[in-house]
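A short write-up of the structure that comes next.
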Amino acid sequence: MDGDDVIVGIDLGTTNSLIGVVDSGFPILLADAEGARLLPSVVSFPESESGGEVLVGAPALRARALHPARTVTSVKRLMGRRAGEITGKEELGFAVAGEAGEPLRIAIPGLESRYAPEEISALILGRLKENAEKALGFSVSRAVITVPAYFNDAQRTATMRAGELAGFAVERILNEPTAAALAYGLDRLTEKSRVAVYDLGGGTFDISILELHEGVFQVIGTHGDTQLGGDDFDAALAASMEDGRWKMEDGVEAAAIGVRARLLEAAREAKEKLSVEEEVVVRLPFLVDGENLERTVTRGEFEKLIAPFLDRTRRHCLHVLADAGLEPGDLDEVILVGGSTRIPRVRTLVAEIFGREPNLSQHPDEAVALGATIQGGILSGALKEMVLLDVTPLSLGIETFGGLMNVIIARNTTIPAKAGEMFTNAVANQESMLIRVLQGEREMANDNWELGKFEIPFEKGQRGSARVGVQFAIDENGILEVLARDTVRNHDKVLKIVDAAVDVEDAKVESMISESVEHAFEDMNARKWTEARLKSEELLPAVKAGVAALRSKMKEGEVSRIEAAAHEVKAALENEPRDLRRLQEANDRLDEVTQGLAGLLVEKAMDEALEERP
């Protein structure tokens with residue numbers, strides 16, 4: 001490929017952003033050096049103009065808890081807006097400046113500069129550009145960038161401006177529902193079809209109805225809200241946990257902003273867990289003046305909190321049907337886009353509104369970026385004709401530590417397809433990693449089918465020192481190629497499995513899917529128990545070694561509290577029958593009482609590093 005001819009596709013999202021390119025005729029989403037395709041749409045600034053680097057992505061997200069007022073999140077919700085239009089400033093977590101009617105600016109404590117939202121977005125786009133260029137080995141300068149269908153002209157112009165500031169020639173601003181339809185392969189339907197795209201992301205909501213015929217898209221109705229999404233769910237849950245004690249008002253001191261940031265982060269984590277669990281326990285030690293917050297949140301409680309927001313999406317759906325002159329039964333497909341559509345209640349609501357189960361065949365976080373990549377390939381000529389080849393009938397993955405199934409390519413993924421992840425050594429002095437290739441829908445590796453296995457050697461070292469990239473690639477002939485690479489020594493091993501990925505008897509596929517549904521509850525409990533057990537087995541020796549090394553420096557009573565918590569973890573591990581909640585709570589308690597020990601260990605490591613300096 002030549003960089004001048006390539007047009008990348010970008011999903012500039014509220015919560016996460018992605019970038020992709022068409023390579024050898026296949027649309028591929030590009031990962032960063034750590035193997036992550038999702039880049040958190042977060043930017044964190046230093047204390048002063050010359051006080052350090054601007055952080056973007058995962059490092060900025062980690063910095064948010066420590067420096068919330070200097071960390072900008074969900075900037076997409078501010079694109080193309082003016083200062084007087086902003087309400088609920090307490091939900092932003094950072095300051096905005098400007099008189100009513102003037103362009104909005106973001107103010108960072110300690111910095112004289114004021115940033116337009118598109119300048120923040122340009123930093124995110126710039127990092128995506130860097131990641132793509134490192135992955136591809138050449139520079140890229142042309143892009144397709146997606147926006148919600150309900151974005152107005154000012155918001156679209158701001159998005160284009162952000163792309164230009166990041167060094168892109170923006171070839172097209174593409175509506176997200178159109179991109180999603182491309183990713184789902186709906187442009188290849190031969191009969192005239194009507195498709196609803198329900199797009200609920202971190203900060204925006206769209207409902208669009210598209211009419212598709214012979215590869216041509218026509219939006220026949222759209223409704224939405226650029227200020228409605230998963231961020232609102234987080235804020236509602238955080239507010240319920242505040243209980244009125246730590247409510248943040250305009251002009252409040254920075255300490256309270258930090259409290260709010262911790263509450264929002266805890267709410268986001270709880271929201272995600274509640275998509276697979278019926279209840280979660282939220283613990284925030286020393287939240288304010290030594291006071292701890294501990295709160296159990298049930299899925300039912302969460303659904304009540306978000307019901308007003310979901311009702312707003314229902315009204316938009318009914319409006320768009322009326323505008324298009326259609327009944328729910330007139331639709332051929334309903335597809336879901338956006339990370340917030342993982343919430344079970346969202347999926348049941350969509351089924352209620354449209355009278356049919358939604359199409360879940362694509363990754364909700366990646367569908368829009370994949371569609372943008374396809375559009376970029378069409379514009380550049382890299383994709384002259386798209387042909388539906390086949391789909392993977394069952395998920396493909398590898399066995400990971402603890403006997404778990406780690407899915408690399410999900411079932412129903414259209415082929416050709418390529419995906420990968422980075423893995424490391426689970427124990428110290430390990431000299432190789434067994435790559436056991438699996439196919440199936442069960443949570444535990446031994447309940448799935450083994451397609452093949454091989455070992456990849458690497459230099460032995462401390463736990464977590466190895467870096468092994470595993471990539472699955474299925475070609476149009478149904479041949480699965482599994483590549484494992486020791487990225488430290490750049491050593492590869494490849495296993496080819498002919499027809500195993502696609503050529504599976506229907507009866508076997510139905511049997512596997514039926515078993516996965518039948519055993520879903522016990523499988524999920526087995527996975528959760530294994531994950532909790534692995535955490536315990538990692539915590540206990542680390543805590544024992546830490547106490548032995550620093551007992552003399554620890555506060556009175558601290559050692560006994562840690563030993564009691566460790567004893568409870570051991571007891572929970574040995575308890576029969578297994579009690580998952582007891583083990584999870586014991587792990588959380590051990591985490592909590594060892595915070596002081598962790599701080600001492602960090603200080604010790606820093607002191608040793610300083611002593612080693614010449």
*Can you list the residues that meet the side chain to side chain contact (heavy atoms under 4.5 Å, CB included) rule with E301, with sequence neighbours excluded?*
R295, V297, T298

*List the steps and the verdict of side-chain contact (heavy atoms from CB on, under 4.5 Å) for F45 and I120.*
CA-CA 10 Å; F45 289 88; I120 304 295; 3.5 Å; yes

*What's the verdict on side-chain contact (heavy atoms from CB on, under 4.5 Å) for L136 and L30, showing C-alpha distance, side-chain angles and the deciding distance?*
CA-CA 9 Å; L136 296 170; L30 300 172; 4.1 Å; yes

*By side chain to side chain donor-acceptor pair (under 3.5 Å) - contacts of K418 (at least two apart)*: none

_P103 and its side-chain contact (heavy atoms from CB on, under 4.5 Å) partner, picked from E118, R81, R114, R82_ = R82

*What pairs of residues pass the salt bridge (charged side-chain N to carboxylate O under 4.0 Å, His left out) test when at least one of them lies in residues 161-174, not counting sequence neighbours?*
R142-E171

*Partner set under salt bridge (charged side-chain N to carboxylate O under 4.0 Å, His left out) for E269, not counting sequence neighbours*: none

_With sequence neighbours excluded, residues passing salt bridge (charged side-chain N to carboxylate O under 4.0 Å, His left out) with R156_ = none

*asked:* My understanding is that only residues two or more places apart in sequence, or in another chain, count here; which of them pass side chain to side chain contact (heavy atoms under 4.5 Å, CB included) with E592?
replied: R283, P285, N292, R589

*asked:* Which residues pass the salt bridge (charged side-chain N to carboxylate O under 4.0 Å, His left out) test with R342, not counting sequence neighbours?
replied: D365

Solution key, residues 311-322 side-chain donor-acceptor pairs under 3.5 Å, sequence neighbours excluded:
| unit_1 | atom_1 | unit_2 | atom_2 | d |
| --- | --- | --- | --- | --- |
| R312 | NH2 | D225 | OD2 | 2.7 |
| T313 | OG1 | Y198 | OH | 2.9 |
| T313 | OG1 | L310 | O | 2.7 |

*Who pairs with T157 by side chain to side chain contact (heavy atoms under 4.5 Å, CB included), at least two apart in sequence or on another chain?*
D153

*Those residues that, when tested against E265, pass salt bridge (charged side-chain N to carboxylate O under 4.0 Å, His left out) (two or more places apart)*: R268

*Could you go through the side-chain hydrogen bond (donor to acceptor under 3.5 Å, both in side chains) check for S74 and D231 one step at a time?*
CA-CA 8 Å; S74 302; D231 287 355; 2.3 Å; yes

_Sequence-distant partners of D232, side chain to side chain contact (heavy atoms under 4.5 Å, CB included), two or more places apart_ = R77, L228, F309

*asked:* The criterion is side chain to side chain donor-acceptor pair (under 3.5 Å); which residues satisfy it with S208, sequence neighbours excluded?
replied: T222

